[in-house]
Amino acid sequence: MISNFIKTIMEEDLKSGKHDKIITRFPPEPNAYLHIGHARAIITNFELAKCFDGDTILRFDDTNPAKEEKRFMDAIINDIKWLGYTPKRVTFGSDYFDEDYNLAVKLIKEGKAYVDDLTKDEMKEYRGTLTEPGKPSPYRDRSVEENLKLFEEMKEGKYAPGEKTLRLKIDMSSSNLNMRDPAIYRIIDKEHAHTGDKWKVYPLYDYAHPLQDAFEGITHSLCSLEYVEHRPLYDWVIDNTNPPSIPRQIEFGRLNIEGTILSKRYLKELVDKGLVSDYDDPRMPTLVGLKRRGFTPESIKEFVLSTGLSRINSEIPFNSIDHFLMDDLKLKVNRRMAVLNPIKVIITNYPEDKIEYFDFPNNLENEELGSRKISFSNTLYIEREDFVPEKPNNKFKRLSLGAEVRLMGAYFIKAESCDYDENGNVTTIYATYDKETLSGSGFNARKPQGTISYVDAKTCKKAKFNLFESLLKEDDNADLPLEERINPESLKVVEGFVESAFDSTPEVKCQIMRNGYYSNDYESKEDSIVVNRTVSLKQSFK
RNA sequence: AGGACCAUAGCCAAGCGGUAAGGCAACGGACUUUGACUCCGUCAUCGGUGGUUCGAAUCCACCUGGCCCUGCCA
């Protein structure tokens with residue numbers, strides 16, 4: 001499902017003949033990596049256009065040469081591609097600098113814009129406050145001729161940055177501060193990634209953006225809620241420049257994810273301070289981070305579409321994304337058994353020197369994925385929490401003394417006794433197996449208490465599991481410095497075992513998802529594998 | 001406080017005057033070679049108070065709560 005309220009607007013605009021084709025755009029400023037919040041904007045823009053057989057343009061908003069960085073451009077393109085979208089065109093805000101400039105000249109000629117000599121601080125003073133109106137700049141009433149000359153000189157580089165700006169003449173007493181003669185051109189003396197040193201004056205967002213939209217024929221310009229109060233200015237620019245088409249700005253709420261930060265500034269700070277390894281650290285909510293953590297583009301897309309959007313800033317628990325990942329992977333991926341916190345099980349009635357190999361499906365729900373061999377011997381490991389000596393209650397479906405469980409893909413075993421260490425922790429379980437109960441043999445004379453996974457101690461491989469927790473502490477306090485907000489447990493490595501069929505690596509890195517282990521060796525960037533487990537870590541029996 | 005926007009279940013979210021969709025989570029139950037998956041079932045009178053109306057989550061007023069706005073950032 002895709003945003004209803006925007007879709008409805010589009011439907012009406014099509015029906016009324018206002019537009020005959022929907023064109024949307026995703027306009028990132030190339031100064032950061034994309035995060036899941038951007039993914040929502042991307043998905044929304046592309047899906048909405050797709051609904052109406054329209055187009056979506058990727059436009060790099062590069063009106064400020066002081067901020068953009070070239071290296072982010074490729075990253076953004078890659079992320080969009082990764083999400084499965086292909087923009088109809090890739091454009092740059094700077095493509096329209098000439099038009100922007102000519103229209104500014106036109107506005108000056110119409111007496112709607114003027115060159116101001118006020119400094120930044122003076123301008124602030126003149127602007128007034130939230131409760132008091134502003135007062136007009138002493139330069140507000142310069143003649144058209146003087147303004148034209150001055151603006152021309154600004155363009156030619158006769159003035160230093162900060163010396164002069166071009167402002168719109170709107171209303172210094174408006175209750176909307178954005179309408180109090182907003183600056184639309186400032187002088188920046190920096191090389192621009194696209195236009196080189198051609199320009200000394202650069203348009204500001206509020207002026208450039210509506211024009212870019214209009215020049216590209218964007219019909220619906222989606223942005224976040226903080227631009228609501230910019231809309232009158234957006235419309236003012238459109239109304240006063242008579243561009244070739246009339247775009248409409250529509251705002252929607254931002255997406256927030258619990259336990260993490262979705263803001264360019266913080267993400268940058270995390271990286272700069274070395275609190276994470278880089279933008280693609282698997283704990284990061286960036287698209288590259290999520291990818292490395294094991295998320296698939298499909299799962300992110302489904303997640304985004306499931307949440308929908310409205311004019312509310314939403315705060316969604318991180319683990320609600322898990323469902324969509326598991327849903328996407330469950331039929332696509334090979335599954336393996338693993339044990340993170342092992343207890344040794346000795347099968348007392350199984351020959352000491354024997355190892356059996358059984359064929360077991362890679363994915364019980366999808367036989368197309370084939371099968372692999374799993375092994376069984378007299379020494380096994382099972383998960384510590386899969387054994388409780390005294391069966392705690394009737395809901396308990398794992399191993400306890402005197403009870404039988406099925407080892408997945410193998411035999412029933414019955415726990416006969418166990419050893420304890422000085423702290424009372426179980427060290428070894430002694431069990432017997434029943435030869436008749438081999439998985440797949442059709443044995444059904446008895447029902448086991450449950451089924452648990454295991455690995456064969458004689459053939460298994462050591463593994464490291466990365467356990468990811470919330471990047472921020474649970475009692476996060478935004479007032480603290482970032483260093484103190486980070487959850488020290490956000491990345492925990494646990495050593496355990498995986499079954500021998502765990503192909504190549506002697507050491508795998510697995511990442512915990514809620515109902516299994518999602519393995520994604522992010523260093524070698526290998527494909528993902530879900531590791532079976534009888535229960536999630538977060539869920540414990542009672 | 002001047003202005004803007006918003007307020008539907010634990011979290012998202014439909015609904016636009018005619019008597020509360022859906023997803024996630026949770027909880028029951030069935031099934032089962034993973035307590036998974038699948039399947040069945042349960043889970044809100046719409047921030048509050050007044051008003052308009054035959055009838056309101058939907059309109060109006062007030063209140064409360066949240067969020068945003070004083071860059072020559074986007």
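Numbers restart at 1 for each chain; the letters A, B, ... are given by sequence-line order, proteins then strands.
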Run A:Glu29 and A:Tyr205 through side-chain hydrogen bond (donor to acceptor under 3.5 Å, both in side chains) and show every step you take. CA-CA 11 Å; A:Glu29 186 182 18; A:Tyr205 171 89; over 6 Å; no
What's A:Glu132 touching, base or sugar-phosphate or nothing? Going by heavy atoms closer than 4.0 Å. nothing
When rounded to the nearest Å, what value does the distance between C1' atoms of B:C54 and B:C6 take? 32 Å
In this structure, how many angstroms lie between the P atom of B:C6 and the CZ atom of A:Arg254, rounded? 18 Å
Pairwise P distance, B:C11 and B:A61 [rounded to whole Å]: 28 Å
Interatomic distance at P, B:G15 relative to B:G51, whole Å: 29 Å
A:Leu329 CG to B:C37 P, in whole Å, measures 13 Å
Nearest-angstrom distance, P atom, B:G29 to B:G47: 34 Å
Taken to the nearest 0.5 Å, the spacing of A:Tyr227 OH from A:Tyr234 OH works out to 12.0 Å
Should the pair A:Phe497 and A:Tyr381 be assigned to parallel (<30°), tilted (30 to 60°) or perpendicular (>60°) ring geometry? parallel
Does the structure place the NZ or CZ of A:Lys373 under 6.0 Å from the centre of the six-membered ring of A:Tyr357, at an angle of no more than 45° from the ring's axis? no
B:A7, B:C24, B:G2: which one has an atom nearest the side-chain heavy atoms of A:Thr131? B:G2
Could you identify the nucleotide paired to B:C62, looking across every strand shown and requiring Watson-Crick or G-U wobble geometry with both distances under 3.5 Å? B:G48
Might you list the N or O atoms of the protein lying below 3.5 Å from N or O atoms in nucleotides 29-33 of chain B, with each pair's distance?
unit_1, atom_1, unit_2, atom_2, d
B:U32, O4, A:Lys397, NZ, 3.3
B:U33, N3, A:Ser439, OG, 2.7
B:U33, O4, A:Ser439, OG, 3.2

Roughly how many Å is it from CE in A:Met326 to C1' in B:U34, rounded to a whole number? 11 Å
Output the rounded distance in Å from CD (A:Glu258) to C1' (B:C12). 11 Å
B:A20 versus B:U34 - spacing of their P atoms, nearest Å: 41 Å
For a quick test of reading the model: is some side-chain N or O of A:Thr307 closer than 4.0 Å to OP1 or OP2 of B:A13? no
For B:G23 and B:G41, measure between their P atoms and round to the nearest Å. 12 Å
Whole-Å C1' distance, B:A13 and B:G28: 25 Å
For B:C39, give the paired nucleotide (Watson-Crick: N1-N3 plus N6-O4 or O6-N4; G-U: N1-O2 and O6-N3; both under 3.5 Å), or none. B:G29
Taking CG from A:Asn363 and P from B:U34, how many angstroms apart are they, rounded to a whole number? 12 Å
Would B:G71 be called syn or anti here, given the cut-off of 90° from 0? syn
Just how far, in rounded Å, is C1' of B:A4 from CG of A:Asn313? 14 Å
Between the side chain of A:Arg142 and the main-chain N/O of A:Val115, is any donor-acceptor distance below 3.5 Å? yes
Could you encode protein contacts along nucleotides 69-74 of chain B as a string, one character per nucleotide from 5' to 3', using B for base contact, S for sugar-phosphate-only contact and - for no contact, with a heavy-atom cut-off of under 4.0 Å? BBSBBB
Using the six-membered ring wherever Trp is involved, compare the ring planes of A:His192 and A:Tyr202 and label them parallel, tilted or perpendicular (cut-offs 30° and 60°). parallel
Please assess A:Glu251 against A:Arg231 for the test salt bridge (charged side-chain N to carboxylate O under 4.0 Å, His left out), listing each intermediate value before the final yes or no. CA-CA 9 Å; A:Glu251 310 86 10; A:Arg231 193 179 349 132; 2.7 Å; yes
At what distance, to the nearest 0.5 angstrom, does CD of A:Gln212 lie from CZ of A:Phe60? 13.0 Å
Euclidean distance for P, B:A56 against B:G18 (whole angstrom): 12 Å
